[in-house]
Amino acid sequence: MSERFATVALDVPLARLFDYRLPPGLAPMVGQRIVVPFGKQVLSGIVVAVHAQQPALEQVRDALLAPSDMPALPEDVLALCRFCTDYYAYPFGAVLAAAVPGVFRLPRPWAGSTGTQAYVATDAAALLAQVPARARKQRALAQALAQPQSVAAIRQVAGDALRWVQGWLAQGLVAPARLPAAAAPGAMAGEIPLLNPEQQAAVAAIDAAQGFAPLLLYGITGSGKTEVYLRTIATARQRGQQVLVLVPEINLTPQLEARFRARFPHERIVSLHSGLADGERVRHWLAAAQGEAGVVLGTRLAIFTPLPALGLIIIDEEHDASYRQAEGFRYSARDVAVYRARLRQVPVVLGSATPGLESWKNARDARYRLLQLRTRAVAGARPPRIELLPTQRQRMHDGLAEPALQALREVLAAGRQALVFVNRRGYAPVLACHDCGWISACPQCSARLVLHLADRRLRCHHCGHEERVPAACPDCGNQDLKPLGQGSQRVESALAQLFPQANVLRIDRDSTRRKGALGEMLQQAHTGEADLLVGTQMLAKGHDFPGLDLVVVLNADNGLFSVDFRAEERLFAQLLQVAGRAGRAGQAGRVLIQTQYPEHPFYAALVAGDYAAFADAQLAERRSLALPPYAAWAIVRAQAREQATALAFLREAAAQLAGFPIQVAEPVPAAMARKAGWERAHVVLSAPGRAPLQVALRHLAATLSENPPRGVRWLLDVDPHEF
DNA sequence: AGCACGCCGACT
DNA sequence: GTCGGCGTGCTC
């Protein structure tokens, strides 16, 4: 009998796998998790191979245990993670760790490992026979356990009832059980709206799609994309397939989940996002992995969930930045989803009113099938009327021009709601001295300190540094420091003064910090209790306010002259999204955009509401400049205590890449050259296609992880979306 | 990433 | 005299 070994991927930043001897009795499957000693630590990893080949090592340690709490990751999930490792040049073990719920990364079996959360008597009579006659509660529980009982139900019997069950479990009188599928709470399916012809065509195309088929569902706000999703989900369910639906943010899952449940009262629908408690996350994940959940609704992390009967993937708001993980393993869930659809040979629907230019190009090149929804689905609803409000010659009242105030007045007089969109929180973005030119600057970052007047503090929005508002200029002693520019707090207080009779409500990250605050505020906005809303981009997404007639956008110009070539694309999506908040059945909403550059071509496209024209123009520009999506990009980012150290490291890295058929730009300091006390720099790598770039990145990542630089933190950003 | 070992400053 | 700073070295 020969010895057997397991090759294990561990969550360490090393592009290496580790071999362990499997002691007798330990026979894990590929994809299963395994607990192993690692240096002085004990870690949980994933088995990637089992073999009899003696590893060429001085010492091979024994694996400790292979918990069966987590079913082995199926082949397609392993392949998906392998793809990510290659594509993002990120260690396999670290990718796998991201694909698995947190409790399965701990080096011990999960306590609730049955995954069932229920128990049943193995032999009801035997169980009852050994319970003392006087222990009435125990007898009652023992009797009840003839049928599977949920943990919650067991707890109801008595405080320590679970302890009795644990005891019986040890004696083999009780076993973990699966609860019969919960009877759906007698909800009636809501009224199913009729589809307009465009929706019908979209649904028909998705339903008929076979094998790998990417479809771009380009539909304006309110065109009824969700209804299209619901219909195609219904079809997939009739075929017995599972559907994976990705949404950008946790905030949006409860809404959508409620709508899905109302439509499919008899389906097992589970959500997966980082807001779930451990136990819930695991139960939902297992339900998906065991094929019990028909619909899985989740944020980006859900893309790695095992789904044995996967038949359709839907990505809502596919252009949204939340699909990109910005820390650690940096991936785009949208791109990973498309690859997964290819692996599984299933259709993938990418829905958006403002598709990302990558997807737009794919649709233009006929790599994706384009499905368009041009009309608002609700009868009589019309797209909002977007108007520019040039501010060069206007007298401003705390950032608001007179015509904007007039429009607000009219809306309030009519008893309707208005939203003022200011994409900056705080009172003013900077505090300045007019005598000597001092401005409030962060000592740790190359950024301004934002004035927060409510608690009289200056805060850095990048590193968390804060200080008291100085009484006088620290440089010249001038006591008259002036706040420059408008933040949401300033606009809120200005509006409260200008419209004393109105109920002004500010919704931003500061005002919603408290748990549940956002929900309460949205409720107030929804019922019309608040009639003047002031909000940052938090308010742009997904929320519908039936009473909202007017949106005023302040300082939109900020995104217009950025060094980042993607800034316009983001701004367009964002402005169209806020604009979509305005309007009600029968009457178009009005959107006023204050700008100092009304002649800028960007605004012509925006006013026309023509994203297609804008996107085509952007693509033409990108093509002529050989920018993404016409080139593959990656960035090597570095930070060090000294800028020179970071740049020297990057020059070294660039030299490593000399022989590869890729373009390596000059290393430069980052746009925010200093952040939280670190000097930052980067170098852009590009190539006409992905393949040569990937090869070069893998080489660089391997070299750097084997010989880590001193005093420099580095990372690779593949398909970067920001500078 | 952890977690050791390993040599130099202000404190129970 | 020790506790502890983080430099660097290793993990099957």
Side-chain angles (χ1 to χ4, degrees), chain A residues 2-67 78 81-82 84-85 88-108 274 301 325-331 444 636-642 644-646 648-649 652-653 676-679 697-698 700-717:
Chain A
S2 62
E3 290 195 303
R4 297 196 64 76
F5 302 91
T7 302
V8 178
L10 293 168
D11 184 12
V12 288
L14 300 171
R16 231 184 306 162
L17 298 170
F18 298 87
D19 284 315
Y20 289 87
R21 196 181 76 92
L22 291 172
L26 212 59
M29 290 192 297
V30 168
Q32 204 175 332
R33 83 185 187 101
I34 190 166
V35 175
V36 295
F38 187 72
K40 300 275 159 130
Q41 315 175 67
V42 175
L43 298 178
S44 171
I46 302 289
V47 176
V48 299
V50 176
H51 55 88
Q53 177 80 48
Q54 176 76 37
L57 292 165
E58 287 194 7
Q59 197 207 356
V60 184
R61 297 228 255 167
D62 279 11
L64 300 175
L65 71 155
L78 291 172
C81 292
R82 168 59 63 193
C84 289
T85 287
Y88 295 107
Y90 208 73
F92 194 41
V95 173
L96 285 165
V100 150
V103 295
F104 294 145
R105 299 202 293 267
L106 300 175
R108 66 188 99 95
S274 56
L301 57 86
Q325 175 133 58
E327 258 143 34
F329 166 35
R330 302 177 153 235
Y331 65 97
Q444 310 261 43
V636 187
R637 299 181 194 277
Q639 45 179 265
R641 287 298 170 192
E642 306 291 335
T645 315
F649 161 78
E652 185 79 14
W678 288 86
E679 296 290 340
L697 287 174
R698 259 176 275 162
L700 185 63
T703 313
L704 291 178
S705 78
E706 291 302 325
N707 306 299
R710 303 173 275 89
V712 180
R713 297 189 201 165
W714 61 275
L715 63 89
L716 300 181
D717 197 349

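Side chains are part of it too, since the values below use all heavy atoms of this structure and drop only hydrogens, waters and symmetry mates. Note that this is a predicted model, so its numbers are computed, not measured. Letters A, B, ... are given to chains in the order of the sequence lines, protein chains preceding strands, and every chain is numbered from 1.
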Counting any heavy atom closer than 4.0 Å, what does A/Q59 reach on the DNA or RNA strands: base, sugar-phosphate only, or nothing? sugar-phosphate
Could you state the interatomic distance from SG (A/C81) to OH (A/Y331), rounded to the nearest 0.5 Å? 10.0 Å
Are the side chains of A/V35 and A/R108 in touch, meaning some heavy atoms are under 4.5 Å apart? no
Within this structure, what is the CD-to-P distance between A/E3 and C/dC12, rounded to whole angstrom? 17 Å
Rounded to the nearest Å, what distance is computed from the CG atom of residue A/L17 to the P atom of nucleotide C/dC12? 14 Å
Hey, what do you get for CG (A/D11) to CZ (A/F329), rounding to the nearest 0.5 Å? 11.5 Å
Which part of the nucleic acid, if any, lies within reach of A/F38 when heavy atoms closer than 4.0 Å are counted: base, sugar-phosphate only, or nothing? base
Across the strands shown, which category fits A/R16 at heavy-atom distances under 4.0 angstrom: base, sugar-phosphate, nothing? base
Whole-Å distance separating the CD atom of A/E58 from the P atom of C/dC10: 13 Å
In whole angstrom, what separates A/R641's CZ from C/dG7's C1'? 14 Å
Does A/P55 reach a base, just sugar-phosphate, or nothing at all? Heavy atoms under 4.0 Å. nothing
Which one, C/dT11, C/dT8, C/dC12, comes nearest to the side chain of A/R710? C/dT8
Rounded to whole Å, please give me the gap between CG in A/L10 and P in C/dT11. 13 Å
Rounding to an integer number of Å, can you tell me how far A/K40 NZ sits from B/dA1 P? 21 Å
What distance separates A/Q639 CD from A/L715 CG, expressed to the nearest 0.5 Å? 7.5 Å
Would you mind reading off the distance between A/F18 atom CZ and B/dG2 atom C1', rounded to a whole angstrom? 13 Å
Between A/R713 (CZ) and C/dC6 (P), how many Å, whole number? 12 Å
Which nucleotide in the list C/dC12, C/dT8, B/dA1 gets nearest to the side chain of A/V12? B/dA1
Contact class for A/P37 (heavy atom, under 4.0 Å): base, sugar-phosphate, or nothing? sugar-phosphate
Which residue, A/V48, A/L10, A/L43, forms the side chain to side chain contact (heavy atoms under 4.5 Å, CB included) with A/F18? A/L10
Which is true for A/L43 with a 4.0 Å heavy-atom rule: it touches a base, it touches only sugar-phosphate, or it touches nothing? nothing
